[in-house]
Amino acid sequence: MSANKTSAMDPARRRFLQDAARGTAGCAVAGMGLMWMVQDARALPERAIRPPGALPEADFLASCIRCGLCVRDCPYDTLVLAELGVDGAATGTPFFDARDIPCEMCDDIPCVVACPTGALDKGLTDIDDARMGLAVLIDQETCLNALGLRCDVCYRVCPLIDEAITLERRHNENSGHHAIFMPTVHSDKCTGCGKCEKSCVLPGEAAIKVLPIRTARAQSAEHYRLGWEENTPLVDEIIDLPDRLPGPGTDNLAAPGGFEPAGAFEPTFKLPTAGGAGQ
Amino acid sequence: MSVKTALPVGHEAIRDKGLFLAHKYLILRRLSQAFFLCLFLLGPWFGIWWVKGNLSGSLTFDVLPLTDPFILLQGIVAGHRPEMTAILGATIVATVYALIGGRVYCSWVCPINAVTDAAAWAHRRLDLPKGWQPKRETRFYVLGMVLVVSTLTGAIAWEVVNPISMLHRGLIFGVGFAWTFVVAVFLFDLFVSRRGWCSHICPVGAFYGLLGRKSLLRVSAEKRAACDDCMDCFAVCPELQVITPALRGNDGDIPLILSPDCTNCGRCIDVCSVDVFHFTHRFDNTPAPGRARAKPKANKKIGKAA
C-alpha cells in the first residue's frame, strides 16, 4: 500500500523531499548544539568587566563583532580580547580584569569611539557616566580601614574621591575609644573603573572589588516608602511627633543628661564612698 | 581516462612547465594569504599600525573601515542595529567581493585555506578514502541554521565556533585554546571528509559564494580541445563539480566556469600541462571548440563521478 504511494510520487520530488528532510534534521541537531554553545558563552565571569558604554550582556553578544578595535585604541592596555578556555568571557569579546589593569577613565573614551558597531554605546560621552560595574567592599574582615587602621588607599585613588567612595566615621568597638573610617561606595557615582581594586594593598585578592552591576545591586523594594527621602509627611496634618522629655515622672532615675529640679527628688539611700581605697 | 591518469598529480605540469610555473597560483595565493595576515600582524609585532583589528572588522590607515558582512548580518538578525561605520565597512567588503569573486575570499584571504589545503594534500599523499561527502547544498543549510540560531538566541552565533576568526584573531590577539578548532578542521578534512570543511560545511564560504554569483573574475577552459584527460585538475580542485560544465562542454558552450562555488584558486591552471585553463572575466565569450570525443557517454560518466 505504501509502496504504491511512493512509486506514485515523482522520483525527483521524492528525492528533493528526502534531501530537504535530511538537511533540515541535520541542521536542527547541529543548531541545537550551537544554541547550547551560544547560551554557554553568555556566562560572563564576575571578574570580567566590560569596557565603558558596553550594552547589556544580552545585547552585547548581538552587537560585538570581536574585531578588537577597542583593545587597540585603549592607551593603557586595559582591555583584552577573551581567549577561548582561558578567560571565561565569550571568545574574542573585550573585557578587563580590574585587579590586573583598571580602566583609567580617559576623557575622550577612545574605546567607545573605536567601536564600529555600537556594541560600546556612542551615547556615552562623559566617562563619569560610565557604569562598567560597581565597587563593593566585599571583605570587611580584612580591609585595613574596616579593622580600624588608616589605609585609605582605595579612597585616595578613586577618580571621584569623596563622591564615589567616602570614608564614613563610626565607633570602633574593638578598642572602645577609636574610630573606624569605613570606605563606602556610592552607586550613583561609581563608574566601576576598578582603580580601588587595583590599588588595594592586601596581598592577592583585593578587599574591595568591582563587580558587575547585575551582581552588585539588588532591585529596590518599590513598595516600601522611605520617609526621610519624601517631602510630604507620612500622615497628613502631623508634621512632628512629640518629644519625650527626661525628668520627673519618667524612668530616668539618676537623670543622666536630663534635668533635675532642685529638691524635687532625693534618694533615701546613698552608695557608700570607699574613701579612695578602690581608686 | 587516459594512461596519464595514473601518473602522480601535477607530474606532467612540473615536467613541462617547471616547478615554479606548475605552482604559480598556489605560491601567489600563499603570498596573498600571508600578506593579509601580515598586514594585521605589523601592528602587534612591529608597532606599525597600518591596519588594526582582524578579519571580522578592521580599520586601515585610520580611515578605511571594513567589516565582515556575514558577521554583521548575524548581528542584525539577532536584533542589533549597527552603527554606520560597520554598515559602511560591510558594504565595502560585500561590493568588492561581489565584483571580483565571492569565494576569492576563501582561496586568497582566508587563513583556514592553508589548513584545509594541507589536509587535502596529506589526504592525497596518504591515499585515504574520500569519506563522508555530504551534499553540496549542505553549506546553505548550515548558513540558514546559523541565521536561525542567531535570531533565536539574539547573539552572533557562528562566532562561537568559526575556525576562521578563531585562527585569525588567535594569531593577532592571543589564541588560548582556539587552536583546537583549527586542529579539528584539519583532522576532519584529513580523516572524516575529504575537502569537507571548506567545500561542504563552512557557511562563511557559502555566504561569499552567494555574494559572488555574478562576479567578474572567472576561470575559462578555453583550450579544452587540448585536454588529454590526465584528470589532474579534478584531483586538485576543491570544488571539482565546477570544472565539468566548462571542460566537457560542447562546441557552442562558452567555456567559462560560472559556478559560484569556484574559489578562483587557480590550481587547475597550475596543474594543467597543456594550459587548458586561464583567468578571464565573465563576459569573455571567446568561442572554444569542445574536445573531439570518441565515446561521449563514457565522458559523461566521468563528469558525473567527479
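Not measured: the values here are computed from a predicted model. Labels below follow one simple rule: chain letters A, B, ... track the order of the sequence lines, proteins then strands, and each chain is numbered from 1.
Put simply, of Gly174(B), Ala78(B), Gly75(B), Gly89(B), the one with the most heavy-atom pairs under 4.5 Å next to chain A is Gly174(B). Top candidate by heavy-atom pairs under 4.5 Å with chain A, chosen from Ser56(B), Pro134(B), Ala90(B), Ser165(B), is Ser56(B). Among Gly31(A), Gly118(A), Ser63(A), the residue making the largest number of heavy-atom pairs under 4.5 Å with chain B is Ser63(A). Counting heavy-atom pairs closer than 4.5 Å to chain B, the top residue among Leu69(A), Val71(A), Leu55(A), Val86(A) is Leu69(A).
Heavy atoms closer than 4.5 Å to chain B are found in both the backbone and the side chain of Ile65(A). Contact of Phe181(B) with chain A is made through the side chain alone, with heavy-atom distances under 4.5 Å. If you measure heavy-atom distances from Ala20(A) to chain B, the contacts under 4.5 Å come from both the backbone and the side chain. Interface remark: Asp73(A) contributes side-chain atoms only to the contact with chain B (heavy atom separation under 4.5 Å). Interface remark: Ala58(A) contributes backbone atoms only to the contact with chain B (heavy atom separation under 4.5 Å). Both the backbone and the side chain of Lys52(B) come within less than 4.5 Å of a heavy atom in chain A. Heavy-atom distances place no part of Val80(A) under 4.5 Å from chain B, backbone and side chain included. Looking at Val175(B), the atoms closer than 4.5 Å to chain A (heavy atoms on both sides) all sit in the backbone: N, CA, C or O. Interface residue Cys64(A): only backbone heavy atoms are found under 4.5 Å from chain B. In this structure, no portion of Leu88(B) lies under 4.5 Å from any heavy atom of chain A.
Of all residues spanning residues 153-160 of chain B, those with a heavy atom less than 4.5 Å away from chain A's heavy atoms are Thr153(B), Gly154(B), Ala155(B), Ile156(B), Ala157(B), Trp158(B), Glu159(B), Val160(B), arranged by number. Along residues 65-73 of chain B, the residues that come nearer than 4.5 angstrom to chain A, judged on non-hydrogen atoms, are Thr67(B), Ile71(B), Leu72(B) in order of number. Of all residues spanning residues 188-210 of chain A, none has a heavy atom less than 4.5 Å away from chain B's heavy atoms.
Note on Arg169(B) versus Glu83(A): no salt bridge recorded, every NZ/NE/NH1/NH2 to OD/OE distance being 4.0 Å or above. Of the charged side-chain nitrogens involved, none lies within less than 4.0 Å of a carboxylate oxygen, so that Arg47(A) and Asp87(A) do not count as a salt-bridged pair.
Partners of Ser259(B) by side chain to side chain contact (heavy atoms under 4.5 Å, CB included), not counting sequence neighbours, listed by chain and number: Val242(B), Asp261(B).
Among Asn162(B), Leu147(B), Leu143(B), the single residue meeting the side chain to side chain contact (heavy atoms under 4.5 Å, CB included) criterion with Pro203(B) is Leu143(B).
Ser193(B) places a side-chain N or O within donor-acceptor distance of the main-chain N or O of Trp132(B), the cut-off being under 3.5 Å.
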